[in-house]
Chemist: 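I'd like to ask you about the structure that follows.
Counting starts at 1 for both ligands and their atoms, following the listed order.
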Amino acid sequence: MTRKGGLPTDGIRILNVVVIGAGRTGRGFAARLLSGSAVDLFFIDANELLVRYLREDLKYGVHFFGGERSPVWIELKDAAVAGSDGAADLIAKADLMITAVGEQNLGRVATDIARILHMPRMKPLHVLTCENGVRPGETLEIACREAGIPQDAVRVAEAAVFCSTVDLPGTRLDILSESFDKLPVDSLRLPSSLLLSGMVAEPRMRELLTRKIYTYNCISACIAYLGVWKDYSSYSEAANDPDITVVLDRTLGPLNSALSLKLDIPLPEQMLFAEQALSKFRNPDIRDDIDRNARDVIRKLGPDERLMAPLRLVREAGGETAPLCLVSAAALWYGETREAELRRRLREAGPAACLREIGGMESGDPAIERIVAYYVRLKREHSHPEELKSFL
Ligand SMILES: NC(=O)c1ccc[n+]([C@@H]2O[C@H](COP(=O)([O-])OP(=O)(O)OC[C@H]3O[C@@H](n4cnc5c(N)ncnc54)[C@H](O)[C@@H]3O)[C@@H](O)[C@H]2O)c1
Ligand SMILES: O=P(O)(O)OC[C@@H](O)[C@@H](O)[C@H](O)[C@H](O)CO
């Protein structure tokens, strides 16, 4: 397709899309979907080395797990380091900005957007969040307000990413991806003119994101934290471990019932949704890694996140909470062994205070005592592990 002055010869306007967060999802999923539309692709990332590679190579491949599809080659126009003048120039010219930075980093994205406020720009900036979280759009909107951005200058919509992507070892930029081509986006907030290839209009995005985080990501946390404790490094092997399977089954029974009640979804539909998550995580061709799924324990133990909120919902529905307490304890144990900030807080304040401060649990909540007891036992028994099912 030859272009003249930003227009392809067939007259369709080329959109400038800026992906902020050029990691696995931004580079490997969002950009791959966009490659099916008439877009000029730009990246912004906080990692200077990654930006250097992107600017030097201007092209990389997205390969598929199991070699089931030919790689897709992505070409970008340019990339810039977050917070730089170059990043501000890219944002100022964007028709659509997509974030894939991790919900906890959206505050810094707002700061970057605030840098363009003095630049001439007639239209609002549309931003689509591709973050896991129950309300990442709201997180970004609050951060934008705190950064002094007028409400009508930025319009935020959310998307739900179901596709797993990892870095392809031995390459600078290539990605290994699940073969999954759909991105549900909030159709009440994203204009239809920005519904690009692979995007599927979803009118009930809040429900979908909540359901996804409390099902897919809850299951992923169960596999990752119990898997690490059992010394697995392969995620799918952990997902197929018979002992972990017992804990998963005992988690999912009450969780599916609670979610079906809370979100008004027929139980068989919710059970199928959870089954789809499980079979994806158990697929040995999808070579996901445990640390990618387990990282950022403080975020994952948040009050509205994948462990604490399902625990509350299961309890409200009168279900058995022991399995989720065990996984939450394993998350604390993982954080203590791998993440400096949580290790410091555990040492200074102890696990019960961490559950109150990070997880928003109330003092006197009996689940605190249960999680702490599991945590102590997991620490004690790690070198000579018992079957996890014996904990329940
Ligand atoms: N990888 C997956 O399979 C997957 C699946 C579903 C959802 N997600 C979600 O996608 C988001 C990104 O995850 P990922 O796996 O791609 O992580 P990643 O670590 O591979 O990529 C995140 C990128 O964002 C960059 N970054 C961080 N703060 C930034 C900032 N302020 N400005 C610019 N760049 C910044 C980092 O340098 C990194 O390159 C997360 O919200 C995650 O929950 C990931
Ligand atoms: O991306 P996070 O850190 O919020 O969570 C890790 C995984 O649970 C997550 O990336 C899933 O694999 C993904 O959401 C697909 O369901």
Chemist: Which residue and non-hydrogen atom of the protein lie closest to atom 5 (O) of ligand 2, and at what distance in Å?
Modeler: Arg306 NH1, 2.8 Å
Chemist: How are the rings of His382 and Trp229 set relative to one another: parallel (under 30°), tilted (30 to 60°) or perpendicular (over 60°)?
Modeler: tilted
Chemist: Looking only at protein heavy atoms, which one is nearest to atom 39 (O) of ligand 1, and how far off is it?
Modeler: Asp45 OD2, 2.7 Å
Chemist: Pick, from Gln104, Lys212, Arg292, Arg27, the option with the minimum heavy-atom distance to atom 1 (N) of ligand 1.
Modeler: Arg292
Chemist: Would you call the rings of Phe281 and Tyr235 parallel, tilted or perpendicular if under 30° counts as parallel and over 60° as perpendicular?
Modeler: perpendicular
Chemist: For the pair Arg345 and Glu348, find out whether any cationic side-chain nitrogen is under 4.0 Å from an anionic carboxylate oxygen.
Modeler: no
Chemist: May I ask whether Pro136 has any heavy atom positioned less than 4.0 angstrom from an atom of ligand 1?
Modeler: no
Chemist: Considering only the protein, which heavy-atom contact is closest to atom 1 (O) of ligand 2, and what is its distance?
Modeler: Asn132 ND2, 3.1 Å
Chemist: Which bit of Ile20 gets closer than 4.0 Å to ligand 1, counting heavy atoms only: side chain, backbone, both or neither?
Modeler: side chain
Chemist: Between Ser179 and Arg69, is there a side-chain donor-acceptor contact under 3.5 Å, judged purely by atom types and distance?
Modeler: yes
Chemist: Would you check whether Glu131 reaches within less than 4.0 Å of ligand 2, judged by its heavy atoms?
Modeler: no
Chemist: To which of Glu131, Arg295, Arg108 does the heavy atom nearest atom 19 (O) of ligand 1 belong?
Modeler: Arg295
Chemist: Which option wins on minimum heavy-atom distance to atom 11 (C) of ligand 2: Val166, Asn217, Thr165?
Modeler: Asn217
Chemist: Between Asp45 and Arg52, does any NZ, NE, NH1 or NH2 come within less than 4.0 Å of an OD or OE carboxylate oxygen?
Modeler: no
Chemist: For atom 22 (C) of ligand 1, which candidate among Ala100, Ala87, Gly102, Ala110 holds the nearest heavy atom?
Modeler: Ala100
Chemist: Got an N/O contact under 3.5 Å between Arg292 and ligand 2?
Modeler: yes
Chemist: Using a strict cut-off of less than 4.0 Å between a Lys/Arg side-chain nitrogen and an Asp/Glu carboxylate oxygen, indicate whether Asp186 and Arg206 qualify as a salt bridge.
Modeler: no
Chemist: Considering the heavy atoms of Tyr216, write down every atom of ligand 2 situated less than 4.0 Å from one of them.
Modeler: 16 (O)
Chemist: Centres of the Phe273 and Tyr216 rings: under 6.0 Å?
Modeler: yes
Chemist: List every atom of ligand 2 that sits less than 4.0 Å from any heavy atom of Ser220, numbering the atoms from 1 in the order shown and giving each element.
Modeler: 7 (C), 8 (O)
Chemist: Hey, what do you get for OH (Tyr214) to CG (Leu307), rounding to the nearest 0.5 Å?
Modeler: 10.5 Å
Chemist: Looking only at distance, does Asp288 have an N or O less than 3.5 Å from an N or O of ligand 2?
Modeler: no
Chemist: Tell me which one of Leu50, Val101, Val109 gets a heavy atom nearest to atom 35 (C) of ligand 1.
Modeler: Val101
Chemist: Below 4.0 angstrom from a heavy atom of Lys212, which ligand 2 atoms are there? Numbered from 1 as shown, please.
Modeler: 13 (C), 14 (O), 16 (O)
Chemist: With no hydrogens and no angle check, is any side-chain donor or acceptor of Arg315 less than 3.5 Å from a backbone partner on Glu320?
Modeler: no
Chemist: For Ala82, take its heavy atoms, then give the atoms of ligand 1 lying under 4.0 Å from any of them.
Modeler: 32 (N), 33 (C)
Chemist: Taking only heavy atoms of Arg299, which atoms of ligand 2 are found under 4.0 Å from at least one of them?
Modeler: 2 (P), 3 (O), 4 (O)
Chemist: Of all the non-hydrogen atoms in the protein, which one sits nearest to atom 7 (C) of ligand 2, and at what distance?
Modeler: Asn293 OD1, 3.2 Å
Chemist: Report yes if some N/O of Ala46 lies less than 3.5 Å from some N/O of ligand 1; otherwise report no.
Modeler: yes
Chemist: May I ask you to decide whether Arg27 forms a salt bridge with Asp167, counting only side-chain N to carboxylate O separations under 4.0 Å?
Modeler: yes
Chemist: What are the atoms of ligand 2, with element, lying closer than 4.0 Å to any heavy atom of Lys280?
Modeler: 15 (C), 16 (O)
Chemist: State plainly whether the residues Asp296 and Arg338 are in salt-bridge range, i.e. N to O under 4.0 Å.
Modeler: no
Chemist: So, are Glu336 and Arg347 salt-bridged, with charged N and O less than 4.0 Å apart?
Modeler: no
Chemist: Could you tell me which atoms of ligand 1, counted from 1 in the order shown, lie closer than 4.0 angstrom to a heavy atom of Cys130?
Modeler: 9 (C), 10 (O), 11 (C)
Chemist: Would you mind running through ligand 1 and noting each atom that sits below 4.0 Å from a heavy atom of Cys163?
Modeler: 3 (O), 5 (C)
Chemist: Does Tyr225 use its side chain to pair, donor to acceptor, with the backbone of Ala294 at less than 3.5 Å?
Modeler: yes
Chemist: Using a strict threshold of under 4.0 Å (side-chain N to carboxylate O), is an ion pair present between Asp89 and Lys93?
Modeler: no
Chemist: Does Asn132, backbone or side chain, put an N or O under 3.5 Å from an N or O of ligand 1?
Modeler: yes
